[in-house]
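Structure first, commentary second.
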Amino acid sequence: HSYDGGKTFSIETQVDDSDGLISRFPTVAMDPYGHPLVSYMKYDKGYVNPRHVVAKSTELGESFTGEAVIKDISGGSISDCCPATVVESGNATGILYRDNLNNYRNIWAGISKNRAISFDNAVQLDFSNWLAKSCPANPPHGTIISDTLYSVYTSGNGDSALVFMSKTSLTSFADTFAPLTGRFPGLTSQNFPRIANSGNAGAIAWVQS
């Protein structure tokens with residue numbers, strides 16, 4: 001971490017605990033007070049029992065304590081080779097991930113309303129029911145503006161891939177989703193969307209053929 005605009009950085013701080021398990025696919029966000037939180041995928045030995053966890057610092061990145069486990073409630077499991085994205089705004093934290101329910105690879109979000117201490121709610125963001133027997137490695141991305149979680153993700157494969165956007169209320173968990181552009185003449189595929197905002201202004205970028 002840096003406190004001078006990136007001119008200098010501290011020595012590295014280990015985020016995950018040293019319990020001999022396997023961690024990969026980190027993603028990072030900051031809370032309003034400058035404390036970082038890091039989500040990553042964790043496995044037992046042998047790459048079994050994958051789950052997403054969030055570790056948070058209350059010391060501006062000097063140390064990280066504990067892990068909040070994201071409960072997958074779809075009845076399936078997470079797509080274990082697809083990274084996730086963690087976003088935070090105020091007391092609300094969301095971790096967006098790709099699910100695997102009988103090879104349907106829809107996007108879900110675990111939601112915390114206590115600054116990532118626990119994730120007691122989950123919501124399905126994507127109902128496109130992309131059936132893929134191999135694990136897609138294209139992650140979702142998102143941002144929170146006011147009470148709404150905006151998420152972008154890819155659904156479909158090869159010539160059928162499209163970028164979608166969902167809007168989810170963090171109060172009622174009501175969700176709407178739709179293709180970002182839909183199909184138009186000459187479009188082959190879309191992939192790897194990213195979204196960012198500054199206040200109420202937002203931008204989305206993606207790869208398109």
Side-chain angles (χ1 to χ4, degrees), residues 1-45 47 50-72 78-98 107-122 137-153 168 170 192-206:
H1 51 271
S2 173
Y3 304 122
D4 56 11
K7 294 179 181 178
T8 60
F9 280 81
S10 70
I11 62 171
E12 64 272 19
T13 300
Q14 184 168 334
V15 175
D16 62 345
D17 52 30
S18 56
D19 55 9
L21 303 184
I22 302 167
S23 302
R24 65 175 180 171
F25 298 144
T27 176
V28 65
M30 302 287 289
D31 76 8
Y33 310 102
H35 304 299
L37 59 155
V38 179
S39 76
Y40 47 94
M41 191 180 294
K42 195 167 188 175
Y43 303 81
D44 295 342
K45 293 178 180 179
Y47 288 92
R51 64 269 194 196
H52 290 296
V53 301
V54 174
K56 185 161 184 175
S57 175
T58 58
E59 299 178 331
L60 302 175
E62 292 287 347
S63 65
F64 291 80
T65 56
E67 295 173 338
V69 179
I70 313 306
K71 300 174 183 176
D72 189 282
I78 65 170
S79 278
D80 60 1
C81 69
C82 184
T85 297
V86 63
V87 294
E88 177 149 325
S89 178
N91 290 327
T93 308
I95 178 166
L96 287 63
Y97 63 93
R98 192 176 294 279
I107 303 297
W108 282 68
I111 304 295
S112 170
K113 293 189 176 182
N114 55 17
R115 296 175 55 197
I117 295 173
S118 62
F119 288 77
D120 300 319
N121 299 284
N138 38 12
H141 202 241
T143 190
I144 297 173
I145 303 176
S146 186
D147 181 54
T148 302
L149 171 63
Y150 293 84
S151 311
V152 289
Y153 52 88
T168 308
L170 295 178
F192 299 111
R194 293 293 181 268
I195 186 172
N197 74 291
S198 177
N200 287 329
I204 301 172
W206 67 95

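Quick caveat: nothing in here was measured; it's all calculated off a predicted structure.
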Residues which pass salt bridge (charged side-chain N to carboxylate O under 4.0 Å, His left out) with D44, listed by chain and number, not counting sequence neighbours:
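Applying salt bridge (charged side-chain N to carboxylate O under 4.0 Å, His left out) to D44 gives R51.
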Quick one: list whatever passes side chain to side chain donor-acceptor pair (under 3.5 Å) with [X], sequence neighbours left out.
X	value
N138	R98, N191
S23	D16
T8	D4
S10	H1

Straight-line distance of [X] [atom1] to [Y] [atom2], nearest 0.5 Å:
X	Y	atom1	atom2	answer
K42	Y40	NZ	OH	5.0 Å
I204	H141	CD1	NE2	11.0 Å
S2	K7	OG	NZ	9.5 Å
T85	I195	OG1	CD1	11.0 Å
S39	I70	OG	CD1	7.5 Å
S146	N200	OG	CG	7.5 Å

Closest contact, heavy atoms only, [X] versus [Y]:
X	Y	value
C82	M41	O-CE, 3.4 Å
V38	P26	CG1-CB, 4.2 Å
P83	P140	O-CD, 3.8 Å
S63	T13	CA-CG2, 4.1 Å
I144	A92	CD1-O, 3.9 Å
A29	V87	CB-CA, 4.4 Å

Going by ring-ring contact (aromatic ring centres under 6.0 Å, His included), name the residues that satisfy it together with Y47, two or more places apart in sequence or in a different chain.
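Result, ring-ring contact (aromatic ring centres under 6.0 Å, His included) vs Y47: Y43.
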Go through the structure and list residues passing ring-ring contact (aromatic ring centres under 6.0 Å, His included) with H52, not counting sequence neighbours.
Y97
Who are the side-chain contact (heavy atoms from CB on, under 4.5 Å) partners of [X], not counting sequence neighbours?
X	result
T148	Y150, K167
N121	I111, F173
S112	T93, N114, F119
A122	I73, W108

Identify each donor-acceptor pair in which a side-chain atom of residues 30-37 lies under 3.5 Å from a protein atom, sequence neighbours left out, and give them as a table.
from	atom 1	to	atom 2	distance (Å)
D31	OD1	Y33	N	2.8
D31	OD1	G34	N	3.0
D31	OD1	H35	N	2.9
D31	OD2	K56	NZ	3.4
D31	OD2	R115	NH2	3.4
H35	ND1	L60	N	3.1

